[in-house]
Student: 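Can you keep this structure in mind? I'll have questions shortly.
Residue numbers begin at 1 in each chain, while the letters A, B, ... track the order of the sequences.
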There are 2 protein chains.
Amino acid sequence: MNIKDVAARAGLPAKTIRYYEEIGLIRPLRAANGYRAFRESDLHKLAFLGRARSLGFTIEECRALMALYEDQSRASADVKALAQSHLAQIAAKIEELKAMQATLTDLVSACAGDHRPDCPILAGLASDRSSGKDCCA
Amino acid sequence: MNIKDVAARAGLPAKTIRYYEEIGLIRPLRAANGYRAFRESDLHKLAFLGRARSLGFTIEECRALMALYEDQSRASADVKALAQSHLAQIAAKIEELKAMQATLTDLVSACAGDHRPDCPILAGLASDRSSGKDCCA
DNA sequence: TATGAGGCTTCCCGTCACGGGAAGGTCAAG
DNA sequence: CTTGACCTTCCCGTGACGGGAAGCCTCATA
């Protein structure tokens, strides 16, 4: 299988696949002409990586997940710990965004949004009322 | 005022302040010895920028906000539009994260997390059941 | 006056996960 | 034989800075 086929089947751009090889996440064979020759197992790994990435795991977390996946003697507790740590980060990010959302929604709702220059949004940004750095970790 | 003082007062790292000058967000004066000489107005702008950044506005959005802030003939509608567009992006990001959170929570709750190698999390990542790229925009 | 500690400056590389695009080799069809 | 679609490597760019080196400047103290 050449790269375009795996790309289509794994749902990943060819560039991404080359990058994953470069950083050692996959090790496809090489044909005589220098083309990458992907096995089914490579495709499988790429699909695994694509799904892990789409769940927000970083590349290094994906590397750890792959290692666990290939380690027949792994403990599921290790996987669960990794996933839970990632879940905590997702939750933290959501909270951060919600705080921004709340502050900004307040400012926006106070703004007439007409042709006049008076704007509570700019005033809020300029004078630090209930906005600003205390809202975010 | 030297850079360390503004940094402390604006709540921004000195590196960030130099960066903001480099990209033209602020234009502090220079003393005879080459040091940056910040006015109160520079400090004010930096505080404005810090608050806008903490609300998740990108640098370019901050640049636009600053321009509006300094434009006495602005229409508040322009500011409101910018803020609302940003709010929409925040909301989208939150939804994306929530989708990840839901999928991953399912997988985690299905995992025993003991010393055995059986792990629904890895199985889910490997076989695309209710996870994967269809969950996210 | 020397010296040492702490400012300040510029400059350059590293981050993270790729994307864009150039220059050039390869393959299958007409 | 040519054309066009592949494939390869290589290098630069992203966003918003952080780290650290090399080299001035300044002030206080011995």
Student: Using OP1 and OP2 only, check whether a side-chain N or O of Arg36(B) sits under 4.0 Å from dC8(C).
Tutor: no
Student: I need the CD1-P distance between Ile26(B) and dC17(D), as an integer number of Å.
Tutor: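 Distance, rounded to whole Å: 12 Å.
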Student: Using modelled atom types only, decide if a donor and an acceptor are shared between the side chain of Arg36(B) and the backbone of Ile3(B) within a distance under 3.5 Å.
Tutor: no
Student: Look only at the side chain of Arg51(A) and the backbone of Leu125(B), and say whether a donor-acceptor pair between them is shorter than 3.5 Å.
Tutor: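 Such a contact is found between Arg51(A) side chain and Leu125(B) backbone.
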Student: Applying ring-ring contact (aromatic ring centres under 6.0 Å, His included), which residue pairs with at least one partner in residues 30-73 of chain B are found, sequence neighbours left out?
Tutor: Phe48(B)-Tyr69(B), Phe57(B)-His86(B)
Student: Identify whether any heavy atom of Ile23(A) sits under 4.0 Å from a base atom; if not, whether one sits that close to sugar-phosphate; answer base, sugar-phosphate or nothing.
Tutor: nothing
Student: CD of Glu21(B) versus P of dC8(C): gap in Å, rounded?
Tutor: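 Rounded to the whole Å, the gap is 14 Å.
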Student: Do the charged groups of Arg9(A) and Glu40(A) touch, with an N to O distance under 4.0 Å?
Tutor: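 A salt bridge is present here (some side-chain N lies under 4.0 Å from a carboxylate O).
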Student: For the pair made of CZ in Arg18(A) and P in dC10(D), what is the distance, rounded to whole Å?
Tutor: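 In whole Å, dC10(D) P and Arg18(A) CZ are 12 Å from each other.
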Student: In whole angstroms, how far is the C1' atom of dC27(D) from the NZ atom of Lys4(B)?
Tutor: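 Interatomic distance, NZ of Lys4(B) to C1' of dC27(D): 15 Å.
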Student: In whole Å, what is the span from the CD atom of Glu22(B) to the P atom of dC11(C)?
Tutor: 9 Å
Student: Find the distance Asp5(A):CG to dA5(D):P and express it as a whole number of Å.
Tutor: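 Value for this atom pair: 16 Å.
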Student: Protein within reach of the bases, or only the backbone? For nucleotides 15-27 of chain C, mark each nucleotide 5' to 3' as B, S or -, using heavy atoms under 4.0 Å.
Tutor: --BBSBB---BBS
Student: Tell me: CD1 of Ile17(B) to C1' of dG18(D), nearest whole Å?
Tutor: 14 Å
Student: To the nearest Å, give me how far apart CG (Leu25(B)) and P (dG15(D)) are.
Tutor: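 Rounded to the whole Å, the gap is 13 Å.
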Student: Salt bridge or not between Asp42(A) and Lys45(A)? Use side-chain N to carboxylate O under 4.0 Å.
Tutor: no
Student: Salt bridge or not for Arg18(A) and Glu21(A), using N-O below 4.0 Å?
Tutor: no
Student: Run the salt bridge (charged side-chain N to carboxylate O under 4.0 Å, His left out) test against Asp78(B) and tell me which residues pass, sequence neighbours left out.
Tutor: none
Student: Does dA16(D) have OP1 or OP2 under 4.0 Å away from a side-chain N or O of Arg63(B)?
Tutor: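 So the side chain of Arg63(B) is outside the cut-off, no N or O lying under 4.0 Å from OP1 or OP2 of dA16(D).
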